[in-house]
Amino acid sequence: MNLEMQQFKAEFFKALAHPLRIRILELLAEGDKNVNEIQTLVGSEGSAVSQQLTVLRAKNIVSGTKEGNKVIYTLKDPMIIELLAVARHIFNNHLVDTITILDKFKEDEEEVSTSGN
């Protein structure tokens, strides 16, 4: 069971491992959208958006429902919104750590330049 869960997680995160797919998920977190809406919002060609939506559909991360001549995409699981928020927090934590290191580096350089005078 543990191996199956690890395999699921690996495949799941592989499906998320593309900036355009992440952007699409962020847009769908705001509400359901069709391909044209997504394409306009991301500023990318329809073929690129469709290709990424195909990957997300294959991994059951999004679903598409045909309405007339359009397919409306939605997140399969609202927990994706929380996952994206957690990723944003992790990024911010890394950013804070990097800024702290740079500030310390700058302080050390200033100390060296003032002690050398």
Side-chain angles (χ1 to χ4, degrees):
M1 178 68 174
N2 231 4
L3 183 59
E4 291 172 5
M5 179 57 70
Q6 292 164 349
Q7 186 65 38
F8 169 81
K9 289 177 182 178
E11 292 298 318
F12 177 79
F13 284 113
K14 249 193 267 183
L16 299 181
H18 192 284
L20 183 53
R21 289 195 288 264
I22 296 295
R23 181 68 182 123
I24 290 169
L25 293 175
E26 290 171 341
L27 291 171
L28 293 176
E30 297 169 4
D32 300 351
K33 298 189 177 26
N34 65 47
V35 176
N36 291 337
E37 291 172 312
I38 296 169
Q39 178 183 337
T40 300
L41 291 167
V42 299
S44 184
E45 292 182 15
S47 60
V49 169
S50 293
Q51 183 181 17
Q52 301 311 328
L53 283 166
T54 298
V55 172
L56 294 170
R57 280 181 82 167
K59 296 298 180 184
N60 287 319
I61 296 171
V62 302
S63 63
T65 307
K66 193 147 175 90
E67 288 186 11
N69 62 348
K70 294 181 180 181
V71 177
I72 307 299
Y73 286 92
T74 187
L75 295 176
K76 283 277 264 200
D77 190 330
M79 292 291 291
I80 294 289
I81 297 167
E82 291 182 43
L83 178 67
L84 295 172
V86 168
R88 190 172 13 263
H89 286 297
I90 292 169
F91 173 79
N92 288 340
N93 290 342
H94 284 285
L95 195 56
V96 167
D97 290 345
T98 301
I99 290 169
T100 302
I101 291 167
L102 290 173
D103 286 346
K104 177 72 174 131
F105 181 72
K106 185 177 176 184
E107 287 173 13
D108 290 348
E109 277 192 339
E110 288 172 356
E111 286 177 17
V112 169
S113 67
T114 55
S115 65
N117 287 337

Shared hydrophobic cluster, Leu20 / Phe13 (ILVMFWY, side-chain heavy atoms < 4.5 Å)
yes
Single-linkage hydrophobic cluster Ile72~Ile61, side-chain heavy atoms < 4.5 angstrom
no
The reported gap from CG in Leu83 to CG in Leu75 (rounded to nearest 0.5 angstrom) is 11.0 Å
Check step by step if salt bridge (charged side-chain N to carboxylate O under 4.0 Å, His left out) holds for Lys106 and Glu109.
CA-CA 5 Å; Lys106 185 177 176 184; Glu109 277 192 339; over 6 Å; no
Sorted by first residue and then second, give each side chain to side chain donor-acceptor pair (under 3.5 Å) pair with at least one member in residues 78-104; sequence neighbours left out.
Lys104-Asp108
Examine distances only and state if a side-chain atom of Arg21 and a backbone atom of Leu56 form a donor-acceptor pair shorter than 3.5 Å.
no
Just jot down the side-chain hydrogen bond (donor to acceptor under 3.5 Å, both in side chains) partners of Lys70, sequence neighbours excluded, or say none.
none
If hydrophobic clusters are built by linking Ile, Leu, Val, Met, Phe, Trp and Tyr wherever their side-chain heavy atoms come under 4.5 Å apart, do Phe91 and Ile99 end up in the same one?
yes
Got a list of side-chain donor-acceptor pairs under 3.5 Å for residues 22-44, not counting sequence neighbours?
unit_1 : atom_1 : unit_2 : atom_2 : d
Asp32  : OD1    : Thr74  : OG1    : 2.7
Lys33  : NZ     : Leu27  : O      : 3.3
Lys33  : NZ     : Gly31  : O      : 3.2
Asn34  : OD1    : Asn36  : N      : 2.9
Asn34  : OD1    : Glu37  : N      : 2.8
Glu37  : OE1    : Asn34  : N      : 2.8
Thr40  : OG1    : Asn36  : O      : 2.9

